[in-house]
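Below, chain A is the first sequence line, B the second, and so on; all start at residue 1. Because the structure is a prediction, the values reported are computed rather than measured.
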4 protein chains.
Amino acid sequence: MKLKDDKKVIQIFQSALKLVAKKGLSGVTMGDISREAGIATGTLYVYFKSKDELINALFAACRENSVKVSFKGYNPQAPFKPGFRNIWLNILRYKLQNFEETVFLEQCYHSPFITVDTREKAQQLSAPFYELMERGKKEQLIKNADTGLLLTFMIGTMNELVKQTHYGSITLNRTKINVTFDLCWDALKS
Amino acid sequence: MKLKDDKKVIQIFQSALKLVAKKGLSGVTMGDISREAGIATGTLYVYFKSKDELINALFAACRENSVKVSFKGYNPQAPFKPGFRNIWLNILRYKLQNFEETVFLEQCYHSPFITVDTREKAQQLSAPFYELMERGKKEQLIKNADTGLLLTFMIGTMNELVKQTHYGSITLNRTKINVTFDLCWDALKS
Amino acid sequence: MKLKDDKKVIQIFQSALKLVAKKGLSGVTMGDISREAGIATGTLYVYFKSKDELINALFAACRENSVKVSFKGYNPQAPFKPGFRNIWLNILRYKLQNFEETVFLEQCYHSPFITVDTREKAQQLSAPFYELMERGKKEQLIKNADTGLLLTFMIGTMNELVKQTHYGSITLNRTKINVTFDLCWDALKS
Amino acid sequence: MKLKDDKKVIQIFQSALKLVAKKGLSGVTMGDISREAGIATGTLYVYFKSKDELINALFAACRENSVKVSFKGYNPQAPFKPGFRNIWLNILRYKLQNFEETVFLEQCYHSPFITVDTREKAQQLSAPFYELMERGKKEQLIKNADTGLLLTFMIGTMNELVKQTHYGSITLNRTKINVTFDLCWDALKS
DNA sequence: GATGAATGAGATTTCATTCAT
DNA sequence: TATGAATGAAATCTCATTCAT
């Protein structure tokens with residue numbers, strides 16, 4: 001008896017990501033995805049009962065993955081700034097190396113595919129980031145401003161940075177990354 | 001694009017923007033646009049010879065408009081920081097009040113609709129922003145870092161801020177706007 | 001400006017009927033119908049927003065038509081038996097000449113296409129038949145049994161008769177029709 | 001059709017009947033049937049090599065069963081009318097209690113599933129009914145009309161009766177059944 | 001034999017575009 | 001120019017059937 005294959009889901013996700021990054025969420029068809037994944041179109045429907053569901057599942061997976069990666073190596077007992085820097089670098093590295101996911105998440109933001117439910121679950125995943133920023137504020141290293149605002153600042157700059165990098169108007173190197181972190185830290189530090 | 005009836009073009013543009021913000025670039029059809037604009041589908045093709053052309057024209061119009069608005073009231077002879085602040089506020093106000101355009105521009109980024117030509121023309125419109133930043137660097141008010149990097153910082157924050165505001169996780173008021181500008185300025189100032 | 005064409009609806013209906021009689025409700029596709037009607041498949045969707053809706057509309061039209069034809073030439077003031085006979089013959093003639101509709105109505109009976117709403121509306125169209133039978137009972141020409149039961153007798157025979165005729169195990173002629181009417185009348189008369 | 005497991009064939013048949021009665025012959029899939037029968041889709045193909053074959057086998061089984069049941073308790077040596085009445089009641093009871101089979105047979109009539117071969121074999125099973133009616137005619141109890149016509153009358157009324165009963169416009173009880181038999185007998189008796 | 005994942009042909013439906021009015 | 005019906009290619013999705021386990 002053949003069993004549903006977890007690898008296949010990953011294949012499908014990767015194909016979808018690749019295509020969305022290349023052609024945008026519009027213009028990616030189920031046929032494209034199956035062709036890219038090397039399976040029959042009908043097989044997609046064994047794993048996801050509609051295009052909608054596929055996109056939502058992928059969205060959820062990307063969000064989860066991105067949060068998990070961000071906190072890799074983070075130790076809440078260690079001093080704040082190096083820990084913060086580590087997370088900052090994790091995020092940047094993640095966004096650069098998984099550019100397709102970054103694009104996909106952004107494209108989903110205003111798409112009719114993502115349901116309210118999926119959106120809410122994604123929001124809940126942000127909790128650790130809020131906690132991080134609160135800790136910085138408590139230790140008086142970070143400005144005492146609205147936490148959401150501070151996070152927005154931190155994330156927004158990265159998104160734009162990654163986008164510009166990818167499209168060639170900026171080329172990143174170790175130095176520039178350091179400069180960028182300093183810009184960010186200067187903004188947030190109290 | 002025949003300029004027989006300017007009002008109709010504006011109607012079409014606004015309908016398209018409204019729908020893209022609501023449903024994403026994918027899932028907006030020519031039928032939707034014409035219905036929203038209160039005209040017949042065939043009439044769309046009197047003004048634009050294809051969906052591609054419509055989207056590209058709208059993209060160009062939005063970009064142009066956004067730059068024009070940004071520099072309203074800017075006087076290169078006046079002191080830098082207030083001028084910079086004015087522009088920063090112009091951009092933020094524009095993005096907040098014209099959220100649909102912001103979404104549209106973002107959605108277009110990875111879409112197959114936007115041609116290389118359109119993309120390049122859009123890039124050229126960024127020149128005044130580069131000049132602004134260069135002036136700040138020359139006056140030693142702004143850090144001596146890569147100009148693209150600095151601009152990225154300025155713009156990225158705003159995009160994220162507007163998005164979060166619109167989706168309700170942040171509610172902006174005068175104070176918060178000031179705080180955000182200060183974050184930005186602290187990042188950029190030398 | 002092209003206007004929606006009533007003739008086209010009739011064309012579509014006739015094509016659908018022809019195909020259902022030939023191939024059964026299962027196995028008739030929208031593609032078949034459009035091909036038979038000599039129009040593009042997409043055009044079907046200009047007139048009916050789904051296959052479901054097309055089938056329901058056709059069902060309603062057939063039912064309505066069949067009732068209308070049945071009472072042609074019926075005069076409630078004239079004596080009962082000839083009037084009854086006239087209606088009986090109308091129905092039989094209709095079913096024979098419009099065999100496709102007969103088949104279609106029968107096939108629809110248990111199909112998932114027909115909605116409760118359509119079914120109820122169809123039921124209401126039976127009122128004149130009930131009135132006819134009630135009149136016969138009041139004039140003491142018809143047995144004083146349950147009206148529904150009596151009608152069932154009148155209609156049931158015809159359905160089976162038409163089916164058998166069409167499939168060749170019975171060949172009808174004037175005499176046989178008279179005999180069948182007599183069978184029916186003998187059953188119902190008091 | 002391998003007879004490895006008779007119970008499974010019965011399960012499959014019953015599932016198919018149930019579903020056809022609920023959703024019509026169109027719209028019943030092999031997947032539906034297997035799910036209802038509690039077996040895997042692939043297993044269906046162990047017992048029947050195609051959907052066609054399954055439907056044809058079920059059709060044949062239903063026809064055969066219905067004839068067998070009809071003549072239960074019939075003794076050609078006993079007087080005609082009670083014997084005829086017995087058969088009439090057998091048929092009615094069968095159709096009422098096995099409504100799903102009745103529906104299925106009706107739906108098959110115009111379907112592309114039933115082959116000419118199956119259809120002919122079914123026709124041959126009607127022979128005992130012809131003989132019954134011939135006997136009645138010979139004994140001068142039944143009208144001397146075309147036998148097919150007489151049978152058609154008898155069967156057609158029952159079909160309609162059962163349908164109306166099932167869909168609620170008639171509720172049968174012992175009295176009404178007696179009345180109905182009398183209607184039928186009045187029609188056929190010479 | 002039993003399973004259910006995999007297949008791909010084909011069904012339904014959508015939609016950019018054309019065209020007759 | 002304006003209309004919206006008509007088109008047909010292409011998208012989504014279904015389903016009878018096969019196949020690996």
Item to check | Where protein sits on nucleotides 9-15 of chain E, one letter per nucleotide: B base, S sugar-phosphate only, - none, heavy atoms under 4.0 Å | outcome: --SSBBS
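Here T118(C) pairs with N56(C), F59(C), I114(C), T115(C) under the side-chain contact (heavy atoms from CB on, under 4.5 Å) rule; sequence neighbours left out. Residues satisfying the side-chain hydrogen bond (donor to acceptor under 3.5 Å, both in side chains) test with Q11(A), not counting sequence neighbours, are none. With sequence neighbours excluded, the residues satisfying ring-ring contact (aromatic ring centres under 6.0 Å, His included) with F48(C) are F13(C).
Look at NZ on K7(C): it is 17 Å from C1' on dA6(F), rounded to the nearest Å. Rounded to whole angstrom, the span from the CG atom of L54(D) across to the P atom of dT17(F) amounts to 10 Å. Per the geometry, CD1 belonging to I55(B) stands 11 Å off P belonging to dT17(E), to the nearest Å. We find that CG of L44(C) is positioned 15 Å from P of dA5(F), with the value rounded to whole Å. Atom CD of Q11(D) and atom C1' of dA2(E) are 13 Å apart (whole Å). A straight line from CD of E53(A) to P of dT12(F) spans 15 Å, rounded to a whole angstrom. Rounding to whole angstrom units, CZ of residue F113(D) and P of dC15(F) are separated by 12 Å. Between the P atom of dG4(F) and the CD1 atom of I33(B) lies a distance of 17 Å, rounded to the nearest Å.
Nucleic acid contact class of I39(A) (heavy atoms, under 4.0 Å, all strands): sugar-phosphate only.
The list of salt bridge (Lys or Arg N to Asp or Glu O under 4.0 Å) pairs with a residue in residues 7-25 of chain C, not counting sequence neighbours, reads K18(C)-E36(C), K23(C)-D32(C).
A donor-acceptor contact shorter than 3.5 Å is absent between the side chain of Y47(A) and the backbone of L54(A).
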Checklist entry - Where each pair must be Watson-Crick or G-U wobble with both distances under 3.5 Å, what dot-bracket representation of DNA chain E is obtained, with crossing pairs in [ ] and other-strand partners as |? => result .||||||||||||||||||||
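For A40(C), taking side-chain heavy atoms from C-beta onward, the closest of the listed nucleotides dT3(F), dA6(F), dT7(F) is dT7(F). Of the listed nucleotides (dA2(F), dA6(E), dA2(E)), dA2(F) has the atom at the smallest distance from the side chain of K8(B).
A pairwise comparison of heavy atoms in A21(A) and E100(A) identifies CB-CG, 3.5 Å as the closest pair. The two residues F99(B) and K163(B) have their closest heavy-atom pair at CE1-CA, 4.3 Å. Contact detail for T102(D) and K95(D): the closest heavy-atom pair is OG1-O, 3.4 Å.
The CZ atom of F113(A) sits 11.0 Å away from the CD atom of Q107(A) when rounded to the nearest 0.5 Å.
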